[in-house]
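Here's the structure, in structure tokens; my notes come after.
Proteins get letters first, then strands, A, B, ... in listed order; numbering begins at 1 in each.
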Amino acid sequence: MKSNKVKRIFVLLQCLFFLIASHSSLAHHVLGRPSYSLNEDSNTPPSMAIETQIGDYFVTYMIFPAFPKPSEPGRVNLYVTRIDDGSILSVPVSFYVLDDKLFSGWPLLGDPVVPEKIGVQNVDDGIFRQGFVFKERGSYIIRAYFEVGDEPYEIDFPLQVGKAPAVGPIGFLLGLLILLLVSVNLVQRKRIARSKFQKEKNST
Amino acid sequence: MTFKSSNSSSRIMSRPYIFRHLNKVRWVCLTLVFLMLVLIPLLGIYQHYVSASAYRNLDGSEKLLFDSMHALSSPFTMDPENDLDALKGTTWSGQLFGLKITDPLAIVGQMSAGLEVYWPFVLTGLIPILLTMFFGRFYCGWICPATFLYELNSNFALWLKKIGVYTGDRKFDRRIKYLILLLGIIASTITGTIIFASLYPPAVIGREIYFSIALSGFGGGTLFFMATLLFDIFVSKRGFCRYLCPGGALYSLLGRFRPIRIQRVVETCNDCEKCNAVCEFALNPMRDDFGQECNNCTACIAVCPQDALTFVVSLKDLDNQGPGYCSREYRSNSDERVNEK
């Protein structure tokens with residue numbers, strides 16, 4: 001009886017482990033259209049397409065090639081249209097890059113975030129195209145900035161260059177925490193229930 | 001001491017067998033919601049693999065993902081590339097089998113940030129709003145993905161205490177969360193951004209799970225959520241939900257006059273205090289104090305050995321009915337009254 005119980009708990013913990021571990025296998029796939037193109041000019045679907053709304057505009061962001069690598073050229077395509085009439089934005093868009101590190105920009109904990117301008121692009125055939133070459137592997141943020149009238153618009157998009165680490169420090173911590181919570185709740189559930197009743201009795 | 005006799009019995013529904021097991025159903029519900037948050041991004045990736053006809057280019061683990069998602073979805077869909085669009089988003093705002101549903105707090109946030117009422121969006125919150133008006137703060141107990149972890153965490157805190165680690169159980173004013181709701185609305189209006197999305201645990205969790213699968217990494221939201229877990233352990237039991245959560249505040253307000261609520265049957269109650277012991281929000285069911293904070297989690301119903309807690313149709317709670325008629329205190333008081341006569 002007891003061994004069955006232990007076996008069941010073991011199986012549950014195993015399932016949880018695989019659930020957490022499976023994240024690493026998805027490291028370079030994102031919720032956009034996966035692509036297997038080799039360079040930034042390939043016409044195959046982009047690796048990532050993010051659509052968002054900001055103010056009066058609808059913005060779509062795409063990255064070529066599928067998996068940008070260090071020291072290899074890549075390209076960001078940005079499509080900006082008005083929500084109400086679908087007209088294309090005609091003012092220039094500035095592109096910046098920022099490091100997307102843990103705690104970056106946090107007071108005391110991280111390095112200050114200094115955006116680096118990588119270019120200013122005019123619309124070309126309805127698209128703002130910005131090329132890039134990153135020498136180092138890492139997580140970056142691409143910031144697109146434009147002004148319409150007196151209104152400034154600033155949008156941040158993620159960019160992963162090279163392979164992402166399988167499990168980051170936060171992921172590891174969180175996995176550990178969930179594992180601890182679930183296992184303690186399963187193994188100690190009767191003792192916990194008794195403690196609740198005792199605590200209530202003692203408090204009255 | 002005077003005791004009010006109960007006039008509730010006429011309104012009390014005969015207690016169906018399922019009531020005692022509703023807490024288990026709730027845990028199944030919470031687990032399913034949590035798993036859905038993991039499953040939706042995985043299905044999204046599978047959908048993109050399908051649309052890119054990428055199967056032969058996938059490596060081993062990706063093929064495993066493709067095959068498992070295919071096995072899961074194939075009984076329900078013939079055309080995953082398009083049909084899986086029916087399942088998107090998180091509990092903050094999403095699409096469930098084609099039905100668009102939005103958290104009422106997201107709607108309040110959007111209205112205050114945009115200073116306009118966008119009716120198509122507001123209508124997506126209609127179902128949660130109506131359900132809350134009927135069942136009260138049920139979202140917190142039955143749906144919220146954070147509750148799943150918070151309840152495990154509060155049990156974990158008890159275990160820590162048992163093994164000698166300090167844990168906190170400070171009491172604060174429950175009205176703080178209404179202030180936070182108000183401040184959040186004002187801040188959203190001033191900044192033009194939906195502030196609640198950054199400090200509302202279910203929104204944060206949904207987003208972080210999505211990011212972790214889609215973008216292979218957790219963000220600052222995870223740290224914020226872990227901080228709330230630590231707050232619950234070391235400062236106040238379920239402190240975030242009870243004192244700080246703006247969503248909890250909104251749901252409490254919407255469900256203040258809910259017609260479906262839990263009530264104590266004083267005739268069968270024996271004052272064993274088990275209901276108070278299991279109440280995550282530290283309410284006092286044994287003295288009829290449920291209020292607008294009760295999230296109808298049914299833990300008190302499940303634990304009651306006398307079946308003295310049940311659902312009733314009533315717009316307000318009963319006043320304190322005094323000791324249960326099966327309790328020692330009630331019996332000794334009755335004896336005293338008989339002796340006095």
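- Remark: B:E151 engages B:R26, B:W27, B:T147, B:R238, B:E280 in a side-chain contact (heavy atoms from CB on, under 4.5 Å) (not counting sequence neighbours).
- Of the atoms belonging to A:I192, heavy atoms from both backbone and side chain fall under 4.5 Å from chain B.
- Of the two parts of B:K162, only the side chain, counted from C-beta on, holds a non-hydrogen atom closer than 4.5 Å to a non-hydrogen atom of chain A.
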**Request:** Apply salt bridge (Lys or Arg N to Asp or Glu O under 4.0 Å) to B:R264 and B:D271, showing your working.
**Result:** CA-CA 11 Å; B:R264 182 171 69 117; B:D271 283 5; 3.7 Å; yes
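- Of the two parts of B:L229, only the side chain, counted from C-beta on, holds a non-hydrogen atom closer than 4.5 Å to a non-hydrogen atom of chain A.
- Note on B:K237 versus B:D169: no salt bridge recorded, every NZ/NE/NH1/NH2 to OD/OE distance being 4.0 Å or above.
- Heavy-atom pairs under 4.5 Å with chain A were tallied for B:N153, B:V278, B:N155, B:L149; the largest tally goes to B:N155.
- A search for side-chain contact (heavy atoms from CB on, under 4.5 Å) contacts involving A:E136 returns A:Y140, not counting sequence neighbours.
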